[in-house]
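Comments concern the structure below.
So that the names make sense, note that chain A is the first sequence line, chain B the second, and so on, each numbered from 1.
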2 protein chains.
Amino acid sequence: MEKNLIYKKIMHELQNQILDGEYQETMKLPDERTLSQTFGVSRSSIKRALKLLADKGAVFQKRGSGTFINPIFVKNDSVFHYKNGSNLGISDSFQMNGQSPQIKLLSFNVERCPKELATDLFIKDTDFVYAFKRLRSFDDQSFMIETGYIPIKILPQLEEKTLTESLFKYVEQVKKQGVTKSYLTIGVSPSTEEDRTELNLLSTEPVGTLSGIFFLDDGTPFEYSQMRLRYDYMNYHTFVSLED
Amino acid sequence: MEKNLIYKKIMHELQNQILDGEYQETMKLPDERTLSQTFGVSRSSIKRALKLLADKGAVFQKRGSGTFINPIFVKNDSVFHYKNGSNLGISDSFQMNGQSPQIKLLSFNVERCPKELATDLFIKDTDFVYAFKRLRSFDDQSFMIETGYIPIKILPQLEEKTLTESLFKYVEQVKKQGVTKSYLTIGVSPSTEEDRTELNLLSTEPVGTLSGIFFLDDGTPFEYSQMRLRYDYMNYHTFVSLED
DNA sequence: TTATAAAAAAGGTGCGTACCAATTTAAGAA
DNA sequence: TTCTTAAATTGGTACGCACCTTTTTTATAA
């Protein structure tokens, strides 16, 4: 699985060193030229690794001064790392005490693609999609209603029972591609009748909404999804860095 | 202002071409080697420009195949572009019909740094901070309550009236650095008494919450901020791409 | 015509060089 | 000692090369 890429290997190594408190005194990494020497790789590769860490918010690079460790990244690593490896917006990647949630399939149909979604999913509105609704819960507590649309031509073999398990894992098996990109809009809404019933909410208790598109690695729009979450399960962490 | 960096210039040029529909037929950019020639720059610079576009979600790069345009980026450009140039999470960057919101200062004090914030702001809990609360509105409609904490040693000169204007612009002037990085947690909450009063909400109507830290370009934690938004103003767009 | 294999195309990785720009440090002068 | 200036440090930009991996296209064979 590990593709043995130098810059990724070094990125991980540095990240581990950082989290292990290797550079705690100075909160600063060695300079790029030194790193290049000690790792025995080119400065270009070091720069590439550091760029990844900077994009994560693990370090800040300052010209003329050095590469500094973000104390919050170290301290709060659990929170900060939530994003890495699990948080693609959300959807499939819930976990609690290492245990995945149960999934109940509320409905499952094949229908013509709703007009508003056709362009987003890059298909014609005469094409068919799977339309399904799922309910997720931990033990007795339901926390999310998910409405999803998937073009049938992307997953011609999709069966009903697959939808009671992890969709993303299934896709990775079948398509041999990961789902690593998403475009999401996050919002807030008072709870609807359905929300209150399914998620066991009072009328004063709201839901968080996530809606958007998930892409395969090659950019194929794979699913349009609308998620409504119990407000107390809604917790989205994000590190934003404006380049331009 | 424009720093005349080749890779950024090319990034913009390509982005404009894309939005202008230059590549509409194929939805595909020329290959890197060709771009290198036509722009008269090295392939490395082209790669760098394309990487920026890929990180934005404007294009998808597929080895062996080419660089493809994300149709959603073109179509929905307003939404997609919301993030670029204005959306650092949110805070200062609101606008509506090109018009900035009014800001009312609800409170303004200097106090010792709350213990939970000290480490996040990278200061001691014996250090002092400005603590303030602001209310933002468009015309008659208030839409956000913001509670902010800023270490006094970062902005020793901060005056009360500055807080009724754009804080970020002020910082850029004084510190000669932008505020281009933030680490935020997004959540949902039923409205509190104060929310309902200030934001004119019913008890069934919730707020969206944004809380986290804003950094200066060099990584200095500059402000801890908690924002509570009217649910109908809460709209956060994000493109997520998992690298590793 | 169809299946298979070779070639070409296209993006990815890694190394290296040269020089630039901001910051910090050290040296020298007042 | 303190201020000013020059040098060293450190990350940033740009170019180029060589080679790899995946995908697509083309040519060849069945």
Side-chain angles (χ1 to χ4, degrees), chain A residues 1-14 23 26-55 58-70 175-178 180 216-220 241 243-244, chain B residues 1-12 14 23 26-55 58-69 175-178 180 216-220 241 243-244:
Chain A
M1 197 84 276
E2 293 288 317
K3 273 187 202 152
N4 240 47
L5 298 184
I6 288 187
Y7 70 97
K8 286 195 180 176
K9 239 172 42 194
I10 290 187
M11 189 273 273
H12 280 120
E13 207 146 332
L14 286 174
Y23 305 105
T26 55
M27 290 305 269
K28 192 176 164 181
L29 294 184
D31 69 281
E32 296 182 347
R33 288 156 178 95
T34 302
L35 285 173
S36 166
Q37 274 214 335
T38 58
F39 279 101
V41 302
S42 72
R43 190 180 159 208
S44 321
S45 299
I46 295 292
K47 287 190 86 67
R48 209 158 165 186
L50 291 178
K51 179 71 159 47
L52 287 184
L53 290 174
D55 286 346
V59 303
F60 296 94
Q61 299 188 274
K62 184 152 201 224
R63 177 189 316 208
S65 183
T67 301
F68 298 87
I69 297 171
N70 181 354
K175 307 290 290 187
K176 260 91 180 237
Q177 281 189 72
T180 58
L216 298 178
D217 288 345
D218 67 359
T220 312
S241 179
E243 301 286 330
D244 134 322
Chain B
M1 196 86 276
E2 293 289 317
K3 274 187 201 151
N4 241 48
L5 298 183
I6 289 188
Y7 71 98
K8 287 195 179 176
K9 237 172 44 192
I10 291 189
M11 189 274 273
H12 280 121
L14 286 174
Y23 304 107
T26 56
M27 288 306 266
K28 193 176 165 181
L29 294 184
D31 69 281
E32 296 182 346
R33 288 156 177 96
T34 302
L35 285 173
S36 166
Q37 275 215 335
T38 58
F39 279 101
V41 302
S42 72
R43 190 180 159 209
S44 320
S45 299
I46 295 292
K47 287 190 86 67
R48 208 159 165 187
L50 292 178
K51 179 71 160 43
L52 286 184
L53 291 174
D55 286 345
V59 303
F60 296 93
Q61 296 187 277
K62 184 151 202 222
R63 178 190 316 209
S65 182
T67 301
F68 298 88
I69 296 171
K175 307 289 289 187
K176 260 94 180 232
Q177 281 188 72
T180 58
L216 298 178
D217 287 345
D218 68 359
T220 311
S241 180
E243 300 286 330
D244 136 321

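The side chain of A/Tyr7 contributes no N or O atom lying less than 4.0 Å from OP1 or OP2 of C/dG14. At C/dA10, none of the side-chain N or O atoms of B/Thr67 fall inside 4.0 Å of OP1 or OP2 (strictly under the cut-off). For the pair A/Ser45 and C/dC15, the criterion of a side-chain N or O lying under 4.0 Å from OP1 or OP2 is met. For C/dA10, the OP1/OP2 oxygens have no side-chain nitrogen or oxygen of B/Ser65 closer than 4.0 Å. For A/Gln61, a side-chain nitrogen or oxygen approaches OP1 or OP2 of D/dG12 to under 4.0 Å.
Heavy atoms of B/Lys47 sit under 4.0 angstrom from at least one base atom. Using a 4.0 Å heavy-atom cutoff across all strands shown, B/Ser44 reaches at least one base atom of the nucleic acid.
With DNA chain C read from its 5' end, the first of the two nearest nucleotides for B/Arg33 and A/Val41 is the one closest to B/Arg33. Map B/Glu32 and A/Gly64 each onto its nearest nucleotide of DNA chain C; the residue landing nearer the 5' end is B/Glu32.
Listed candidates were C/dG14, C/dA10, D/dA14. Nearest to the side chain of B/Asp31 is C/dA10.
Atom-to-atom, CZ of A/Phe60 to P of C/dT23 comes out at 16 Å; the value is rounded to the nearest Å. The CD1-C1' distance, from B/Ile6 to D/dG12, rounds to 13 Å in whole Å. Protein atom CD of A/Gln37 is 14 Å distant from nucleotide atom P of C/dC15, rounded to whole Å. For A/Lys28 and C/dT25, the NZ to C1' distance is 11 Å, given to the nearest whole Å. Atom CG of B/Asp217 and atom C1' of D/dG12 are 14 Å apart (whole Å). Across the protein-nucleic acid pair, B/Ile46 atom CD1 and D/dC17 atom P stand 16 Å apart, rounded to whole Å. Between B/Leu50 atom CG and C/dA10 atom P there is a gap of 13 Å when expressed in whole angstrom units. The separation between B/Arg48 atom CZ and D/dA14 atom P is 7 Å, rounded to whole Å.
Residue-to-nucleotide contacts include a donor-acceptor pair under 3.5 Å from the side chain of A/Arg43 to the base of D/dG11. For A/Ser42 against C/dG16, no side-chain N or O and base N or O form a donor-acceptor pair under 3.5 Å.
Judged by distance alone, with hydrogens and angles left aside, the side-chain atoms of A/Gln177 form a donor-acceptor pair with the main-chain N or O of A/Asp218 at under 3.5 Å. Side-chain atoms of A/Lys62 never come within 3.5 Å of backbone atoms of B/Gly219 as a donor-acceptor pair (strictly under, hydrogens ignored).
Within a 6.0 Å radius of CD in B/Gln37, no more than 12 heavy atoms belonging to other residues, nucleotides or ligands are found.
Here A/Leu14 contributes atom CG and A/His12 contributes atom NE2; the two are 11.0 Å apart, rounded to the nearest 0.5 Å. Distance check: B/Ile10 CD1 to B/Leu53 CG gives 10.5 Å after rounding to the nearest 0.5 Å.
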